[in-house]
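A quick note: this is a predicted structure, and the numbers were derived from the prediction, not measured. Throughout, protein chains are lettered first and strands after them, A, B, ... in sequence-line order, and every chain is numbered starting at 1.
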Amino acid sequence: MKVTIKYFGLLSEVTKCEEETIDFSKTLISELLEELCIKYPNLINKDFQVAQNQELVSFDTKLLSNELVLLPPFSGG
Amino acid sequence: MKVTIKYFGLLSEVTKCEEETIDFSKTLISELLEELCIKYPNLINKDFQVAQNQELVSFDTKLLSNELVLLPPFSGG
Amino acid sequence: MSDKKIKSVFIQGAISSEFIGESIAKHQTKISIGAHNIFLGQVRADVIDNKIVAAIEYTAYEDMANAKFHEIREAAFEKFELTCMHIYHSLGTVNAGEICLFVFVSSPHRKAVFDALEFIVEEIKSKVPVFGKEIFEDNSHQWKVNS
Amino acid sequence: MSDKKIKSVFIQGAISSEFIGESIAKHQTKISIGAHNIFLGQVRADVIDNKIVAAIEYTAYEDMANAKFHEIREAAFEKFELTCMHIYHSLGTVNAGEICLFVFVSSPHRKAVFDALEFIVEEIKSKVPVFGKEIFEDNSHQWKVNS
């Protein structure tokens with residue numbers, strides 16, 4: 001299926017894009033992240049969380065949405 | 001000696017004055033307060049503290065100043 | 001800073017929102033500040049025995065009050081990492097809905113301002129000889145007691 | 001109150017002292033309020049490796065951020081006796097000395113506002129996806145990390 005990945009903050013500098021759509025045929029978010037880390041090796045040592053449907057989820061969750069958001073540490077306020 | 005007594009808030013309503021000067025020949029603040037309670041019987045059941053030299057002191061302190069200030073409960077802010 | 005000089009914290013009448021806004025604006029040149037915390041006391045239109053509080057009339061034993069405000073300032077600067085601190089309290093009549101107390105603390109970091117502000121406000125309530133006379137709409141009154 | 005509708009808390013650029021003053025003024029008709037507490041986050045001109053922070057450029061995952069702000073609002077109204085609550089956060093560039101976060105809580109009594117304000121600010125810092133890019137005076141940058 002087609003999945004749109006969004007990158008915020010520092011992560012968009014690593015990937016040099018804020019958003020991209022890729023093909024993904026597996027099940028878990030961790031499996032999607034493995035593919036992204038192959039595409040962007042500098043992602044591996046970055047601290048980030050992932051959100052689907054506007055909620056943070058753990059990497060071993062199933063991908064349930066066609067959008068996954070990668071978020072670096074929050075620094076608002 | 002001559003002592004100036006100042007009354008604030010509710011207490012000035014009891015005494016019907018904000019300030020008065022009286023003659024006092026004894027030693028302790030408690031003795032001065034006894035004389036005031038004779039003059040103003042309604043003072044007896046009022047909650048108040050006394051200050052001399054801008055500091056709260058206990059009633060059994062010696063009167064060291066020629067000014068004593070009677071303060072009802074604070075209600076600033 | 002001229003913190004060592006005892007200055008009056010009293011203002012005649014209510015403290016205006018413009019005054020507060022201007023105080024905030026003055027701190028925008030202090031670029032080591034990361035966090036401000038402001039407490040405002042506002043006169044409530046409490047209903048007591050079916051009568052509504054229309055205003056509070058504040059009096060104070062001013063000399064002692066200013067000395068106590070000064071002690072509270074010194075203690076707060078001692079205890080907390082503050083860049084600056086301002087305290088203003090009304091005297092005279094303040095109507096329901098108007099502001100009678102303005103405490104403003106600033107620091108590089110937020111933890112210090114939270115701790116300092118609560119400390120300062122509690123100290124003011126318990127140690128400063130200020131007296132509020134609650135004036136009801138029918139012009140009768142009672143003396144306020146802090147809770 | 002229209003608390004149930006999720007509205008954006010984001011403002012483009014810095015939050016002005018006039019805006020804050022006007023927010024305070026609007027509360028003077030709410031005569032059940034006795035205490036306001038305001039937190040302001042201000043951009044610090046930190047010195048990092050001999051370079052001075054000139055501004056922070058804020059971005060956010062806005063949909064999730066507004067949802068989180070809404071959850072924090074609901075939780076605060078649930079936990080504390082609040083009359084009202086307002087939160088504003090900057091997006092885009094905020095220069096050193098300017099204000100980027102404005103949290104405003106009001107209650108009949110002071111204890112509630114102290115507890116609520118600290119809760120809300122800590123929740124914002126930890127749960128809302130906002131990202132600050134510290135721009136140095138030489139136009140280089142680094143990504144801010146909250147302490």
Which atoms of [X] come close to chain C, meaning under 4.5 Å heavy atom to heavy atom: side chain ones, backbone ones, both, or neither?
X      : answer
D:I99  : both
D:V113 : side chain
D:I20  : side chain
D:V121 : side chain

Quiz prompt | Atom pair CZ (C:F104) and CG (D:L40), whose distance is rounded to the nearest 0.5 Å | solution =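 Answer for the CZ-CG pair, C:F104 versus D:L40, is 6.5 Å.
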Quiz prompt | Option that, when pairs with chain D are counted at under 4.5 Å, heavy atom only, ranks first among C:A45, C:G34, C:G21 | solution =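 Going by pairs under 4.5 Å, I would pick C:G34.
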Quiz item: Are D:F114 and C:F114 side-chain neighbours, meaning at least one heavy-atom pair lies under 4.5 Å?
Solution: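 They are not in contact (no side-chain heavy atoms under 4.5 Å apart), so the answer is no.
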Quiz item: Among D:G41, D:A35, D:C100, D:A14, who wins on heavy-atom pairs under 4.5 Å with chain C?
Solution: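 Between D:G41, D:A35, D:C100, D:A14, the count favours D:A35.
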Exercise. Name the member of D:V103, D:L101, D:V53, D:I38 that forms the most heavy-atom pairs with chain C at distances under 4.5 Å.
Key: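 Looking at each option in turn, the highest pair count goes to D:I38.
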Using atom types as modelled and no hydrogens or angles, find all donor-acceptor pairs between chain D and chain C shorter than 3.5 Å.
unit_1: D:H27; atom_1: O; unit_2: C:Q42; atom_2: NE2; d: 3.1
unit_1: D:K30; atom_1: O; unit_2: C:Q42; atom_2: NE2; d: 3.3
unit_1: D:I31; atom_1: O; unit_2: C:A45; atom_2: N; d: 2.8
unit_1: D:G34; atom_1: O; unit_2: C:Q42; atom_2: N; d: 2.9
unit_1: D:H36; atom_1: N; unit_2: C:L40; atom_2: O; d: 2.8
unit_1: D:H36; atom_1: O; unit_2: C:L40; atom_2: N; d: 2.9
unit_1: D:H36; atom_1: NE2; unit_2: C:Q42; atom_2: OE1; d: 2.5
unit_1: D:I38; atom_1: N; unit_2: C:I38; atom_2: O; d: 2.9
unit_1: D:I38; atom_1: O; unit_2: C:I38; atom_2: N; d: 2.9
unit_1: D:L40; atom_1: N; unit_2: C:H36; atom_2: O; d: 2.9
unit_1: D:L40; atom_1: O; unit_2: C:H36; atom_2: N; d: 2.8
unit_1: D:Q42; atom_1: N; unit_2: C:G34; atom_2: O; d: 2.9
unit_1: D:Q42; atom_1: OE1; unit_2: C:H36; atom_2: NE2; d: 2.5
unit_1: D:Q42; atom_1: NE2; unit_2: C:H27; atom_2: O; d: 3.2
unit_1: D:Q42; atom_1: NE2; unit_2: C:K30; atom_2: O; d: 3.3
unit_1: D:R44; atom_1: NH1; unit_2: C:P108; atom_2: O; d: 2.8
unit_1: D:A45; atom_1: N; unit_2: C:I31; atom_2: O; d: 2.8
unit_1: D:P108; atom_1: O; unit_2: C:R44; atom_2: NH1; d: 2.8
unit_1: D:R110; atom_1: NE; unit_2: C:E122; atom_2: OE2; d: 2.9
unit_1: D:R110; atom_1: NH2; unit_2: C:E122; atom_2: OE1; d: 3.0
unit_1: D:E122; atom_1: OE1; unit_2: C:R110; atom_2: NH2; d: 2.9
unit_1: D:E122; atom_1: OE2; unit_2: C:R110; atom_2: NE; d: 2.9

